[in-house]
There are 2 protein chains.
Amino acid sequence: MRRTVKATGPLYARLAQDLKNEIQSGRLQPGDMLPSEAALCQQYGVSRGTVVRAFDMLLREGLAQRRQGVGTFVARQSLHRKPGYLLSFTAGVRNQGRQPSQQFLDIARLARRDVIQFGCDEPAVILERLRLVDGIPWAIHKHIVPASVAAQIEELTIQAGKPHARLLEESNFSLFEAFAEAGFSVDHADEILRARIAGERDAGLLQMAAGEAVMQVHRKSFDAKGRLLEITEGVYSGGSYTYEAHLVSSRGLTEVLFAGDTPRQT
Amino acid sequence: MRRTVKATGPLYARLAQDLKNEIQSGRLQPGDMLPSEAALCQQYGVSRGTVVRAFDMLLREGLAQRRQGVGTFVARQSLHRKPGYLLSFTAGVRNQGRQPSQQFLDIARLARRDVIQFGCDEPAVILERLRLVDGIPWAIHKHIVPASVAAQIEELTIQAGKPHARLLEESNFSLFEAFAEAGFSVDHADEILRARIAGERDAGLLQMAAGEAVMQVHRKSFDAKGRLLEITEGVYSGGSYTYEAHLVSSRGLTEVLFAGDTPRQT
DNA sequence: CAGTGGTCTAGACCACTGG
DNA sequence: CAGTGGTCTAGACCACTGA
């Protein structure tokens with residue numbers, strides 16, 4: 001009975017992680033058949049239902065495809081398949097083998113009346129950063145974090161009207177990691193994408209001509225109890241950002257889907 | 001043992017559909033608790049695993065949220081939750097209580113060399129339509145359908161250089177329905193979104209000013225065997241189209257997501 | 001505490017695929 | 001035909017929540 005490296009979490013998740021490692025390391029190539037359910041049941045000493053749930057995770061991430069009567073295969077084009085981007089710009093960019101950095105633009109407190117329009121019903125902290133990839137301006141990120149949440153994150157505190165020192169120094173402060181360290185975990189999020197014309201400020205920061213198109217991404221993240229954790233507004237130059245989604249029709253009906261977002265070089 | 005209207009497909013899908021009907025009809029309001037797993041097991045005479053799978057479908061569509069120790073609840077903001085849009089513009093618009101229509105723009109045969117760049121390795125038929133909502137131009141849809149697939153769909157045949165009559169007459173021809181009738185079923189699709197500036201032709205058709213932003217959606221659909229069924233390119237005015245995604249973190253790890261796309265009035 | 005969902009098992013029967 | 005995935009059952013134990 002083989003056991004896995006990661007000793008935490010549900011069995012199906014560990015099994016899925018093992019398989020993901022096989023794929024992402026290249027030991028399993030696109031088009032290769034994954035071990036059959038029966039084989040994995042034996043190897044891991046688990047029941048078939050557990051293996052099926054693990055495969056379901058891979059399916060929903062677009063890493064695998066199943067064909068009844070044939071087998072489960074590593075999906076083609078398994079590149080750029082890291083979802084959850086806005087929250088972990090840092091990790092996402094690193095995963096593509098490129099170098100993320102950032103420039104601090106602004107941090108401020110906002111009164112309740114200024115954020116209530118966003119669905120945030122308490123005062124909040126707003127943080128604005130320019131995100132760069134390999135030194136090239138890539139996106140402008142505005143994060144609105146409710147005061148009660150921001151209070152738990154040292155970097156988001158404002159002392160005597162001045163931003164926290166680490167925020168200015170660290171070129172790789174990750175809000176996502178800060179959330180995790182403070183014990184906040186994102187349960188679900190809503191995202192809305194729009195195309196619009198770059199304003200002068202956007203264009204200047206992103207080093208593009210005013211009048212070009214940008215993609216605007218608006219995101220609200222919640223924890224398991226439905227408490228708002230943060231609102232992020234991202235602005236990306238239209239040419240350098242694409243949103244890529246992989247849609248899978250559920251076996252039952254026609255709809256259920258999966259999507260991952262990822263910026264790419266054009 | 002209560003039975004459901006729809007007598008086809010897996011049990012969990014029928015159960016999920018029943019619950020969806022309860023929600024979409026308004027009999028269950030956002031925030032309401034759904035029946036517990038135990039209750040549904042009894043009502044429908046199914047095992048718990050089946051109920052769990054049905055709930056999973058609702059979760060992935062963003063229609064419900066579960067909280068351990070508490071219950072399963074109808075999600076807030078369960079509006080605009082119809083995914084799979086590009087394929088069924090017609091149905092999607094109707095679901096929002098508005099009136100879809102279309103204007104035929106063009107249909108033509110393309111040689112293999114003209115479509116191979118799109119990943120289609122045989123001659124294809126290209127169909128171009130202007131889609132309208134309540135009579136207002138909404139999108140330009142270009143569909144590239146491989147010849148072997150198009151041959152099975154009467155409306156996509158070209159006789160003596162002329163489009164099929166029904167294509168010109170029917171203001172609600174649905175490519176999605178035609179696929180289904182011809183026995184083609186979409187298994188998965190990839191979608192890429194970009195922001196760009198409207199060209200003159202785009203702007204004219206969509207009745208917007210040249211130089212405004214548009215959202216360009218590129219989509220490739222495949223059947224279960226990985227055969228390319230169609231490529232769709234959609235162009236939407238930036239103001240009137242938004243792409244809305246609902247992301248759900250999987251219970252196991254941090255990533256797995258769900259997304260639905262939906263156009264909205266701005 | 002009772003009730004909820006989260007996970008897991010060890011079977012079962014079926015539908016589909018390919019040789 | 002043997003092997004695959006698709007579905008389903010009838011249990012089990014646990015973790016979490018709220019009263």
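On a predicted model such as this, the values are computed, not experimentally measured, just so you know. Convention: sequence-line order gives letters A, B, ...; per-chain numbering from 1. Only heavy atoms go into these numbers, but all of them, side chains included; no hydrogens, no water, no symmetry mates.
Taking atom CG on Leu11(B) and atom P on dA10(D), their separation rounds to 12 Å, with Å as the unit. Separating the CE atom of Met57(A) from the P atom of dT7(C) is a distance of 10 Å, rounded to the nearest angstrom. Distance Gln42(B) CD to dT4(C) P: 11 Å, rounded to the nearest Å. Atom CG in Leu59(A) sits roughly 12 Å away from atom C1' in dG6(D) (whole-Å rounding). Following rounding to the nearest Å, Phe73(B) (CZ) and dG5(C) (P) show an atom-to-atom distance of 8 Å. Summarising the geometry, the separation between OH on Tyr44(B) and P on dC8(D) is reported as 14 Å, rounded to the nearest angstrom. One can place CZ of Phe55(B) at 16 Å from P of dC8(D), the figure rounded to the nearest angstrom. Look at CG on Leu40(B): it is 13 Å from C1' on dT4(C), rounded to the nearest Å.
Contact between the side-chain N/O atoms of Ser36(A) and the OP1/OP2 oxygens of dG3(D) is not found at any separation under 4.0 Å. Taking 4.0 angstrom as the limit, Tyr12(B) places a side-chain polar atom (N or O) nearer than this to OP1 or OP2 of dT7(D). The phosphate of dT4(C) (OP1 or OP2) has no side-chain N or O of Thr72(B) nearer than 4.0 angstrom. Distances shown here put a side-chain N or O of Arg66(A) below 4.0 Å from the OP1 or OP2 atom of dG6(D). Put simply, Arg67(A) has no side-chain N or O that comes within less than 4.0 Å of OP1 or OP2 on dT17(C). Applying the 4.0 Å criterion to OP1 and OP2 of dG11(D), one finds that Ser47(B) has every side-chain N and O outside that range.
Nearest to the side-chain atoms of Glu37(B) among the listed nucleotides dG5(C), dG6(D), dT9(D) stands dG5(C). Here dT4(D) is the nucleotide among dT17(C), dT4(D), dC8(D) with the atom lying nearest to any side-chain atom of Met33(A).
Counting only N and O atoms by type, the side chains of Asp56(B) and Tyr12(B) include no donor and acceptor under 3.5 Å apart. For His143(B) and Thr232(B), the side-chain atoms include at least one donor-acceptor pair closer than 3.5 Å. For the 3.5 Å distance criterion, the side chains of His141(A) and Glu233(A) fail to qualify, holding no donor opposite an acceptor. In summary, the side chains of Ser148(B) and Glu122(B) do present a donor paired with an acceptor at a separation below 3.5 Å, with no hydrogens or angles considered.
Using the Watson-Crick or G-U wobble rule with both distances under 3.5 Å, dC8(D) pairs with dG11(C). Taking a pair to require two hydrogen-bonding distances under 3.5 Å in either a Watson-Crick or a G-U wobble arrangement, dC16(D) pairs with dG3(C).
Here Arg48(A) lies in heavy-atom contact (under 4.0 Å) with a base.
Interatomic distance, CE of Met33(A) versus CZ of Phe73(A), reported as 5.5 Å (0.5 Å rounding).
Between Ala38(B) and Gly69(A), the residue anchored closer to the 5' end of DNA chain C is Ala38(B), taking for each the nucleotide with the nearest heavy atom.
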